[in-house]
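All values derive from a computational prediction rather than experimental measurement.
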Protein chains: 2
Amino acid sequence: MPDDGGGRTAASRMREVAQRAGVSPMTVSRALRDPTKVSDELRRRVEEAVRAVGYVPNRLAGNLSSMRSNVIGLIVPGLNNSLYAPTIQGVSAVLRGSGFQLMIADCGYSGEAEEELITAFLAQRVAGLMLHDTRHTEAACAMIRRAGLPVVETGTLAPGPLDMLVSYSNHDAARAMVLHLHRLGYRRIAFVSLPAANNDRSRERRRGYRAALAELGAEEDARLVLEMPPGLASGAEAVVRLLGSAAPPDAIFFAGDVLAAGALFECQRREWPVPGRVALAAFDDIDMLRHTVPPITTLRLPREEIGRRSAEVLLDRIQGRSEERVVVDLGFEIIQRGST
Amino acid sequence: MPDDGGGRTAASRMREVAQRAGVSPMTVSRALRDPTKVSDELRRRVEEAVRAVGYVPNRLAGNLSSMRSNVIGLIVPGLNNSLYAPTIQGVSAVLRGSGFQLMIADCGYSGEAEEELITAFLAQRVAGLMLHDTRHTEAACAMIRRAGLPVVETGTLAPGPLDMLVSYSNHDAARAMVLHLHRLGYRRIAFVSLPAANNDRSRERRRGYRAALAELGAEEDARLVLEMPPGLASGAEAVVRLLGSAAPPDAIFFAGDVLAAGALFECQRREWPVPGRVALAAFDDIDMLRHTVPPITTLRLPREEIGRRSAEVLLDRIQGRSEERVVVDLGFEIIQRGST
DNA sequence: TTGTAGGCGTTATCAT
DNA sequence: ATGATAACGCCTACAA
């Protein structure tokens with residue numbers, strides 16, 4: 001509870017503006033929202049009065065009265081992960097000038113935190129919701145269903161979405177990379193991912209890795225599968241552990257974060273040639289991977305387009321242009337570089 | 001304008017809850033906001049009714065009625081810049097459990113966009129505002145003054161803040177790094193920064209560089225000062241240009257973004273020894289700089305603490321615990337590593 | 001401890 | 001084209 005003590009919001013006054021302009025508040029409201037519905041003369045007077053008093057309309061009151069909202073809520077698992085930046089930019093770009101405001105929140109990869117944030121957004125009566133995760137607490141699902149507001153999920157192409165879904169298949173992407181590495185001649189392909197416990201993307205990627213191995217008739221070797229916390233240091237540790245083992249891999253596929261770069265830096269330190277000693281592949285087209293020596297083979301995912309399309313389908317629904325519960329697969333692409 | 005078409009928010013009903021619980025709406029309101037002010041028996045009944053109807057309170061109405069808000073607005077220049085992540089995390093950590101919601105927006109390094117966002121936040125009647133930039137349009141300043149809400153700026157220790165200020169001195173930090181490089185024996189120290197036009201931090205850093213040179217009795221050489229766009233590629237280009245010139249530097253101080261890492265990667269590609277051929281220093285303690293080969297000398301800035309303290313002083317003011325317009329200098333630290 | 005009346009600032013609706 | 005009136009859903013203030 002905001003247990004305030006004096007934090008009252010500043011007084012505002014459409015009335016005051018109306019008096020100064022010599023009109024009724026209703027006219028001010030109209031002049032502000034749809035200038036064409038009011039005579040030029042009045043519009044001028046209203047605009048001047050607005051400027052004179054420094055009037056800033058109260059959206060709380062407006063939204064309450066109109067039963068309509070101009071804010072869209074976005075929940076990401078972690079803002080410290082730069083992967084979300086392009087998606088957010090995509091959303092922003094579409095929302096800019098639409099009259100809708102974006103409210104971003106960070107649930108820290110926690111389902112409970114996500115539930116709380118969803119509650120807060122629903123309490124704020126947001127017009128629509130964008131969730132990066134595709135798994136949610138039961139309570140969260142129930143609330144969202146009851147609220148009946150449009151929702152887009154963006155984390156991965158998962159079955160049974162709450163409402164709309166705009167993403168790519170983490171499973172297929174991981175699978176494709178493993179097949180790619182195999183095609184390049186690598187035969188012992190290790191897989192390193194972030195903890196899959198609270199992360200549907202990680203799980204999907206692991207499933208994709210397994211699927212590829214199965215297709216290739218290769219047996220899964222538990223010693224080649226690692227789960228590491230995020231961060232460059234983890235990548236370094238993983239490569240050391242894997243290459244120090246009795247039956248080391250000839251390629252490592254890092255399906256998360258900046259792990260692959262961390263591994264490469266460790267190889268540089270130890271003067272292990274890449275890909276001579278081991279090949280390295282990553283999962284996301286972050287700038288760094290293109291600039292390392294050698295540059296790192298990775299997947300290009302449609303991060304920004306996910307943001308754009310999500311915002312578009314959400315607006316379509318909010319503004320009544322569509323009733324469809326669309327599911328959009330935006331695909332992915334393999335970027336072959338020097339590290340493999 | 002949200003030019004809707006059917007995006008009406010779902011109906012909500014404190015009244016309905018009240019009827020189910022056999023009490024007045026007022027009692028429901030109280031039971032929800034301060035459970036101690038209501039008898040145990042009623043509280044139970046109300047809680048059950050809330051669950052039964054899946055009631056989510058309408059904060060719009062609540063905030064409007066109480067003239068109080070539970071959201072805090074935060075505007076950063078660019079969410080794609082990972083530097084803001086720790087600050088945001090600091091803010092989140094303090095706000096978590098405070099009952100206040102954080103609303104994040106990205107102004108894309110544009111003063112006009114910032115003005116628009118400030119307007120939107122004020123229209124939303126946020127309880128407080130956190131701005132990373134310390135320069136704002138005149139209109140924005142005027143609005144904020146009129147609104148009279150607590151504001152914290154966090155970008156740099158600048159004179160004449162709007163209200164409160166929690167940061168470090170970009171000027172002093174840049175100056176300190178130049179003096180440090182000089183102490184290490186470097187005599188031709190180049191300076192590469194992001195475009196200073198829309199960025200008070202960049203400008204301050206450049207001033208710090210100049211101040212240091214002046215103190216050292218060194219003359220500023222225009223050929224050693226570069227302004228580059230953000231990104232690893234820019235750092236690469238900068239190092240090539242500087243080292244290819246007639247009078248190359250023996251050290252380069254990159255005062256922005258990931259420029260220094262880009263430069264290091266370029267040196268690796270060209271097999272220019274660092275620091276043998278040229279020493280490299282950076283401005284921010286991002287993870288990558290610790291893991292490159294060699295690791296890069298840089299400044300550690302109190303990013304997360306800036307977030308925490310900002311949130312704290314803002315809450316102190318919002319909740320009436322303080323009237324002070326505090327200015328907090330959180331300092332910085334030089335991290336000497338292998339690149340210099 | 002609980003309820004009643006009135007209003008927060010805006011917009012929908014219906015008149016004029 | 002403009003205005004009067006009644007909500008929107010909740011909370012403050014006071015009364016019971």
Side-chain angles (χ1 to χ4, degrees), chain A residues 1-19 21-46 49-50 53 55-70 99 122-125 127 147, chain B residues 1-19 21-46 50 53 55-70 99 122-125 147:
Chain A
M1 286 299 116
D3 122 301
D4 90 80
R8 314 208 118 231
T9 48
S12 109
R13 346 54 4 170
M14 184 153 97
R15 219 192 213 104
E16 197 179 319
V17 174
Q19 284 173 350
V23 296
S24 80
M26 198 54 239
T27 305
V28 174
S29 173
R30 269 196 283 259
L32 256 36
R33 245 160 348 121
D34 187 352
T36 69
K37 304 198 92 175
V38 108
S39 75
D40 289 10
E41 161 61 6
L42 273 194
R43 185 177 41 241
R44 257 196 352 80
R45 293 221 310 267
V46 169
V50 165
V53 277
Y55 173 64
V56 177
N58 186 335
R59 288 263 188 208
L60 259 52
N63 290 348
L64 176 62
S65 180
S66 65
M67 302 280 282
R68 211 178 286 132
S69 158
N70 72 126
L122 292 182
Q124 228 65 249
R125 295 300 189 266
Chain B
M1 282 304 115
D3 122 305
D4 93 80
R8 313 208 120 230
T9 47
S12 108
R13 334 98 311 200
M14 185 152 100
R15 220 193 213 103
E16 200 177 316
V17 174
Q19 285 173 352
V23 296
S24 80
M26 197 55 240
T27 306
V28 175
S29 172
R30 269 195 284 256
L32 257 38
R33 235 153 0 108
D34 188 353
T36 67
K37 304 197 93 178
V38 109
S39 74
D40 288 10
E41 161 60 7
L42 274 194
R43 186 183 37 244
R44 257 196 353 81
R45 292 222 308 270
V46 169
V50 164
V53 272
Y55 173 65
V56 177
N58 186 334
R59 288 264 186 198
L60 259 53
N63 289 347
L64 176 62
S65 181
S66 65
M67 304 279 281
R68 210 178 286 133
S69 159
N70 71 125
L122 293 182
Q124 226 68 248
R125 296 298 188 267

Let me know the distance between CE of M67(A) and P of dC10(D), rounded to the nearest Å.
-> 10 Å

Evaluate the side-chain proximity of R125(B) to N63(B): yes if any heavy-atom separation is below 4.5 Å, no if none is.
-> no

Given atom CG of N63(A) and atom P of dG9(C), what is their separation to the nearest angstrom?
-> 15 Å

Between dG7(C) (C1') and L60(A) (CG): distance, integer Å = 15 Å

Once you round it to whole Å, what is the distance between C1' of dG9(C) and CZ of R68(A)?
-> 16 Å

Atom pairs under 3.5 Å, N or O on each side, protein against nucleotides 2-4 of chain C: can you list them with distances?
| residue | atom | partner | partner atom | Å |
| --- | --- | --- | --- | --- |
| dT2(C) | OP1 | S39(B) | OG | 2.9 |
| dT2(C) | OP2 | S39(B) | N | 2.8 |
| dG3(C) | OP2 | S24(B) | N | 3.2 |
| dG3(C) | OP2 | S24(B) | OG | 3.1 |
| dG3(C) | OP2 | T27(B) | OG1 | 2.3 |
| dG3(C) | N7 | R30(B) | NH2 | 2.7 |
| dG3(C) | O6 | R30(B) | NH1 | 3.4 |

Separation of dT1(C) atom C1' from D40(B) atom CG, nearest Å, is 12 Å

Mark yes or no for a side-chain to base donor-acceptor pair under 3.5 Å between S66(B) and dC11(D), with no hydrogen or angle criteria applied.
-> no

Kindly write out the residues that satisfy side chain to side chain donor-acceptor pair (under 3.5 Å) with S39(B), not counting sequence neighbours, or none if the list is empty.
-> none

Check salt bridge (Lys or Arg N to Asp or Glu O under 4.0 Å) between R43(B) and all other residues, then give those that pass, not counting sequence neighbours.
-> D40(B)

Qualifying residues under side-chain contact (heavy atoms from CB on, under 4.5 Å), relative to A21(A), sequence neighbours excluded | V23(A), R45(A), V46(A), A49(A)

Does Y55(A) have a side-chain nitrogen or oxygen under 4.0 Å from the phosphate oxygens OP1 or OP2 of dT10(C)?
-> yes

CZ of R125(A) versus C1' of dC10(D): gap in Å, rounded?
-> 11 Å

Whole-Å distance, N70(A) CG to dT10(C) C1', equals 13 Å

Side-chain N or O of S29(B) closer than 4.0 Å to phosphate OP1/OP2 of dC11(D) = yes

Out of dC11(D), dC8(D), dC10(D), minimum distance to the side chain of N58(B) belongs to dC10(D)

Give a yes/no on whether any side-chain N or O of R33(B) is located under 4.0 angstrom from OP1 or OP2 of dC11(D).
-> yes

Please list, chain by chain and in numerical order, all residues satisfying salt bridge (Lys or Arg N to Asp or Glu O under 4.0 Å) with R44(A), sequence neighbours excluded.
-> E41(A)

Sequence-distant partners of A123(A), side-chain contact (heavy atoms from CB on, under 4.5 Å), two or more places apart = V56(B), R59(B)

Write down the distance between CZ (R43(A)) and P (dA1(D)), rounded to a whole number of angstrom.
-> 11 Å

Among M14(A), R30(A), R13(A), Q19(A), whose side chain to side chain contact (heavy atoms under 4.5 Å, CB included) with P25(A) holds?
-> M14(A)

